[in-house]
Engineer: 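Just passing along the structure, written as structure tokens.
Since the model is a prediction, treat every value here as computed from it, not as a measurement. Reminder, nothing fancy here: chain letters follow the sequence lines and each chain counts from 1.
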2 protein chains.
Amino acid sequence: MPTTPTSTHSSAPTLAEVARHAGVTSATVSNVLRSRGRVGEVTRQRVLEAIAALGYRPHLPARALAEGRAPTIALMVASIANPFYPEFALAVENALRRSGQFLIICNTDGDPHTGRAYLEQLAGTLSAGVLVMNANLDFDDLRLSELRGAPVVLCMWEKPLESPGLPCVAVDFHLAGELAARHLIELGHRRIGAIVGSKAYGIHAARYDGFVTAMEAAGLDPAAAPVIHASDTTQGGYAAARELLSRHPDLTALFATNDLPALGAMQAAADLGFDVPRQLSVVGITDIHLASESRPALTTVAVPTVEAAELGVALLRELIAGTGKSGGQGEREAKVCVASPPHLVVRASTAPASR
Amino acid sequence: MPTTPTSTHSSAPTLAEVARHAGVTSATVSNVLRSRGRVGEVTRQRVLEAIAALGYRPHLPARALAEGRAPTIALMVASIANPFYPEFALAVENALRRSGQFLIICNTDGDPHTGRAYLEQLAGTLSAGVLVMNANLDFDDLRLSELRGAPVVLCMWEKPLESPGLPCVAVDFHLAGELAARHLIELGHRRIGAIVGSKAYGIHAARYDGFVTAMEAAGLDPAAAPVIHASDTTQGGYAAARELLSRHPDLTALFATNDLPALGAMQAAADLGFDVPRQLSVVGITDIHLASESRPALTTVAVPTVEAAELGVALLRELIAGTGKSGGQGEREAKVCVASPPHLVVRASTAPASR
DNA sequence: GTGAAAGCGCTAACAC
DNA sequence: GTGTTAGCGCTTTCAC
């Protein structure tokens with residue numbers, strides 16, 4: 001029987017309904033909700049009761065529209081399935097939750113096009129700001145997003161001394177590379193192979209530069225160290241290590257610019273019959289959870305992931321708050337916010353050179 | 001100099017501005033945007049030009065408000081940092097992206113309170129529906145969410161034959177457990193230890209039941225197999241395996257209800273001097289990426305993760321579309337949607353029993 | 001085919 | 001203290 005389609009009271013209660021129920025006007029309800037205005041204690045109670053009685057919950061899009069501020073933050077990553085990102089995303093979500101904002105995950109697949117589409121849809125409408133990991137986005141797209149009213153923060157920018165022209169959280173990955181390499185050198189290793197990931201955007205260049213710095217500081221010739229570029233995955237590291245070790249069987253250590261490839265390198269070494277760390281030392285960078293769970297556990301340079309996430313959120317919030325002030329975003333120098341320095345974590349994958 | 005704070009044209013262009021620019025009214029612009037109404041070809045072109053010229057992008061919250069439908073889907077997980085969830089989340093995000101919806105990640109930390117808070121804020125306001133993984137939520141909270149207009153779909157429900165009273169994607173984990181156990185039995189193992197995770201909510205109970213079924217089918221006494229409950233992590237599996245192996249050194253195989261604990265068990269075995277798989281076989285369930293990357297690579301029972309994600313999204317969408325029809329959600333039987341059966345993936349962590 | 005107008009649920013001036 | 005009112009940006013009947 002086709003009666004009125006809108007059932008009388010089953011739909012979500014609105015402010016107006018709460019107001020009617022409490023015998024006040026919606027402005028008053030809004031005021032008690034936001035503890036904003038001056039509301040009499042008795043009405044306040046009546047309103048609170050009405051809210052509880054009706055099970056009222058604010059309608060976030062409506063609020064966003066009226067307030068002119070978006071209720072979410074977007075996090076752009078190449079793929080959330082890469083083991084590093086979830087650790088970071090968790091920290092971001094925790095930081096956001098405290099301030100009542102929500103996290104939208106955007107996987108770009110490393111495709112600038114996908115990233116751009118996300119930015120276009122979200123920036124300034126659903127999302128008040130954008131956090132960017134190495135998602136292979138076009139910096140011009142990112143700057144455009146700023147102009148659209150959604151600040152962008154680059155998380156884990158690799159070169160503290162060099163501004164990307166965009167606000168960012170910088171982590172000294174040059175130092176990370178240096179610490180990793182120095183550790184090997186101090187263990188007596190001289191013939192070290194390097195596995196360098198993510199050529200795109202020069203990511204990991206800083207890490208390799210750190211390697212070079214450490215080599216030179218020790219009076220070694222960095223150019224003599226064989227280098228292989230690999231994709232930033234276990235498989236990539238595995239293949240790279242196989243190639244490296246078969247072409248240079250005299251290598252006593254492998255330096256990888258990231259943990260995943262380092263882990264892959266350890267497996268390749270094992271498959272090739274190398275005993276890690278007795279015959280071959282392996283070191284990575286980042287210290288993802290997996291690093292401590294491998295056998296042997298991976299020696300690596302820990303990077304302040306959680307801190308970077310929190311700094312990123314804080315910086316983004318600051319930028320969002322400041323949007324529109326002083327005429328804008330584009331001109332003044334992009335703020336770079338430096339996280340604590342990385343530090344070496346010695347585990348079981350490195351040992352003194354024996355050959 | 002304090003001039004007008006609102007700069008004349010820097011703010012995001014609105015429909016009305018596009019309309020003015022094109023010499024039409026906003027209704028018409030809206031019509032061309034949604035290819036909804038009957039719009040003359042020439043005006044259509046003028047409007048499109050205006051949109052391009054101004055760089056107009058729809059304001060998602062405004063649209064959501066006017067349309068009465070929320071622009072996101074919420075995914076509730078215990079912690080996105082658990083290696084299984086990102087794989088699932090990636091598949092969900094891919095499925096959603098195709099339909100222009102966005103993914104909000106909610107980490108509950110396994111805390112029903114946190115989960116409830118998320119549901120309360122998102123369900124029916126910002127999020128049109130909720131996908132739930134084993135996030136330790138209260139089923140009553142979930143049913144309440146349905147009444148609030150945001151359907152809930154349980155992903156990876158473990159017991160296809162038993163309805164949770166909530167729509168769900170079911171995966172036959174009993175069969176998974178059975179396959180894993182049968183594999184060990186067929187290899188000649190008789191003294192098998194079981195590591196059972198996530199006691200809460202009886203999750204993994206189905207998996208262990210499958211183990212029992214396989215044992216009985218082979219004429220073995222399941223009660224004779226030592227069982228340890230462990231947290232659903234590598235560490236949990238590590239500790240459990242250590243205990244199991246030290247108390248029962250004659251065990252020739254370990255059955256774990258999840259890959260992470262299985263991986264941990266392999267490490268414990270290695271640390272205890274057991275050669276996997278020659279002296280000890282280890283099998284897991286799920287087939288997360290890590291399973292194929294461990295050394296030895298983990299034999300496991302693969303579960304259709306991506307398929308479950310896609311089915312979950314499809315089911316959720318269906319429920320969202322049907323919300324309000326035929327008077328509602330509560331009464332009719334909750335739909336359960338069964339994913340493909342799990343299947344055994346033999347790798348290097350299992351071998352014939354030698355003792 | 002196009003425009004006028006009402007309204008989605010909420011906030012924020014301002015008046016009383 | 002509380003109510004009135006005018007939007008926020010968009011969609012959508014309904015006239016024309």
Side-chain angles (χ1 to χ4, degrees), chain A residues 5-6 11-48 50-51 54-71 100 121-122 124-126 128 148-149 324, chain B residues 5-6 11-48 50-51 54-71 100 121-122 124-126 128 148-149 324:
Chain A
T6 332
S11 198
T14 71
L15 249 206
E17 286 167 357
V18 173
R20 198 176 322 132
H21 193 95
V24 295
T25 180
S26 46
T28 302
V29 179
S30 180
N31 280 338
V32 358
L33 242 32
R34 340 209 60 225
S35 18
R36 196 165 187 47
R38 320 97 309 197
V39 182
E41 188 48 30
V42 289
T43 23
R44 220 181 80 83
Q45 285 308 330
R46 271 217 320 283
V47 167
L48 289 177
I51 287 174
L54 298 182
Y56 168 82
R57 300 170 306 135
H59 189 273
L60 267 23
R63 183 175 273 187
L65 179 56
E67 285 183 319
R69 55 179 208 82
Q121 295 181 89
L122 294 177
T125 73
L126 233 203
R148 284 169 174 160
Chain B
T6 332
S11 197
T14 70
L15 249 205
E17 287 167 358
V18 173
R20 198 178 318 132
H21 193 96
V24 295
T25 179
S26 46
T28 302
V29 179
S30 178
N31 280 338
V32 359
L33 240 33
R34 339 211 57 224
S35 15
R36 194 163 189 47
R38 318 95 311 198
V39 182
E41 189 48 30
V42 289
T43 23
R44 219 181 82 82
Q45 286 308 330
R46 272 218 319 284
V47 167
L48 288 176
I51 287 174
L54 299 182
Y56 168 81
R57 301 170 305 136
H59 189 273
L60 267 24
R63 184 174 271 189
L65 179 57
E67 285 183 317
R69 54 178 208 83
Q121 294 181 91
L122 294 177
T125 73
L126 232 204
R148 283 168 174 160

Engineer: Rounded to whole angstrom units, what separation is found between the CG atom of B/L65 and the C1' atom of C/dA6?
Structural biologist: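 The answer, rounded to whole Å, is 13 Å.
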Engineer: Identify the two heavy atoms, one from B/Y56 and one from B/L33, that lie closest to each other, and give their separation to 0.1 Å.
Structural biologist: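 Between these two residues, the closest heavy atoms are CE2-CD2, 3.5 Å.
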Engineer: CD of A/E67 versus P of D/dG9: gap in Å, rounded?
Structural biologist: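 Going from CD in A/E67 over to P in D/dG9 covers 14 Å.
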Engineer: At less than 4.0 Å, is any side-chain N or O atom of B/T43 found next to OP1 or OP2 of C/dT2? Yes or no.
Structural biologist: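 The answer is yes; a side-chain N or O of B/T43 sits under 4.0 Å from OP1 or OP2.
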Engineer: With a 4.0 Å cut-off on heavy atoms, is B/G40 in touch with a base, just the backbone sugar-phosphate, or nothing at all?
Structural biologist: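 Touches sugar-phosphate only.
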Engineer: Within less than 4.0 Å of OP1 or OP2 of D/dG1, is there a side-chain N or O belonging to A/T28?
Structural biologist: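 No, A/T28 has no side-chain N/O under 4.0 Å of OP1/OP2 on D/dG1.
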Engineer: A/A70: what forms a side chain to side chain contact (heavy atoms under 4.5 Å, CB included) with it, not counting sequence neighbours?
Structural biologist: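 Partners of A/A70 under the side chain to side chain contact (heavy atoms under 4.5 Å, CB included) test: A/A128.
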Engineer: Examine C/dC10: is either OP1 or OP2 under 4.0 Å from a nitrogen or oxygen in the side chain of A/S30? Give yes or no.
Structural biologist: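 Indeed not, no polar side-chain atom of A/S30 lies that close.
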Engineer: Starting the side chain at C-beta, find the nucleotide from C/dC8, C/dT11, D/dC10 nearest to B/L15.
Structural biologist: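 Of the candidates, D/dC10 comes closest.
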Engineer: Check the phosphate of D/dT2 against A/T25, side-chain N and O only, distance under 4.0 Å to OP1 or OP2. Yes or no?
Structural biologist: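 So the side-chain polar atoms of A/T25 never come under 4.0 Å of the phosphate oxygens OP1 or OP2 of D/dT2.
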Engineer: Measuring from atom NE2 of B/H59 to atom CG of B/L15, what distance do you get when rounded to the nearest 0.5 angstrom?
Structural biologist: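 Separation between the atoms: 11.5 Å.
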Engineer: List the residues meeting side chain to side chain contact (heavy atoms under 4.5 Å, CB included) with A/R46, not counting sequence neighbours, and say none if there are none.
Structural biologist: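 So A/R46 forms a side chain to side chain contact (heavy atoms under 4.5 Å, CB included) with A/V24, A/T43.
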Engineer: Under the criterion side-chain contact (heavy atoms from CB on, under 4.5 Å), which of A/V47, A/V39, A/T14 is the partner of A/V29?
Structural biologist: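 That would be A/V47.
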Engineer: Atom CZ of B/R148 and atom OG1 of B/T125: how far apart are they, to the nearest 0.5 Å?
Structural biologist: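 So the CZ of B/R148 and the OG1 of B/T125 are separated by 10.0 Å.
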Engineer: Please state how far atom CG in B/L33 lies from atom P in D/dC10, giving the value in whole angstrom units.
Structural biologist: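 Result: 9 Å.
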Engineer: If you look at every heavy atom in B/R63 and B/P58, which pair is closest and at what distance?
Structural biologist: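 Looks like NH2-CB, 3.5 Å.
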Engineer: Under 3.5 Å between N/O atoms: give me all the protein pairs with nucleotides 13-16 of chain D, atom names plus distance.
Structural biologist:
none

Engineer: Does D/dT11 have OP1 or OP2 sitting under 4.0 Å from an N or O in the side chain of B/R63?
Structural biologist: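 So the side-chain polar atoms of B/R63 do come within 4.0 Å of the phosphate oxygens OP1 or OP2 of D/dT11, strictly under.
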Engineer: Taking all atoms of both residues into account, what is the closest heavy-atom pair of A/L126 and B/P71, and its distance?
Structural biologist: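 The answer is CD1-CG, 4.2 Å.
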Engineer: Between atom CZ in A/R69 and atom P in D/dG9, what is the gap in whole Å?
Structural biologist: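 Whole-Å distance recorded here is 15 Å.
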Engineer: Taking the axis from the first five pairs and the axis from the last five, what angle separates them in the helix from C/dG1-D/dC16 to C/dC16-D/dG1, rounded to 10 degrees?
Structural biologist: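 Overall, the helix from C/dG1-D/dC16 to C/dC16-D/dG1 bends by 40° from one end axis to the other.
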Engineer: Rounding to an integer number of Å, can you tell me how far A/R57 CZ sits from C/dC10 C1'?
Structural biologist: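 It is 15 Å, rounded to the nearest whole Å.
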Engineer: B/E41 or A/A66: which one's nearest nucleotide on DNA chain C is closer to the 5' end?
Structural biologist: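 By nearest-heavy-atom nucleotide position, the 5'-most residue is B/E41.
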Engineer: Rounded to the nearest Å, what distance is computed from the CD atom of residue A/E17 to the P atom of nucleotide C/dG9?
Structural biologist: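 These atoms are roughly 8 Å apart.
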Engineer: Under the side chain to side chain donor-acceptor pair (under 3.5 Å) test, which residues partner A/Q45, sequence neighbours left out?
Structural biologist: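 Partners of A/Q45 under the side chain to side chain donor-acceptor pair (under 3.5 Å) test: A/E41.
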Engineer: Base, sugar-phosphate, or nothing for A/P58, non-hydrogen atoms under 4.0 angstrom?
Structural biologist: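 Sugar-phosphate, backbone atoms only, no base.
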Engineer: Please report the distance, rounded to the nearest Å, between CZ in B/R44 and P in C/dG1.
Structural biologist: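 Whole-Å distance recorded here is 14 Å.
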Engineer: Taking salt bridge (Lys or Arg N to Asp or Glu O under 4.0 Å) as the definition, give me every residue that meets it alongside A/R20, ordered by chain and number, with sequence neighbours left out.
Structural biologist: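 Testing A/R20 for salt bridge (Lys or Arg N to Asp or Glu O under 4.0 Å), a comparison that skips the adjacent residues, returns none.
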Engineer: Does the side chain of B/R34 get closer than 4.0 angstrom to OP1 or OP2 of D/dT12 through an N or O atom?
Structural biologist: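 True: B/R34 side-chain N/O within range (under 4.0 Å) of D/dT12 OP1/OP2.
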Engineer: Rounded to whole Å, please give me the gap between CZ in A/R20 and P in D/dT2.
Structural biologist: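 A/R20 atom CZ is separated from D/dT2 atom P by 19 Å.
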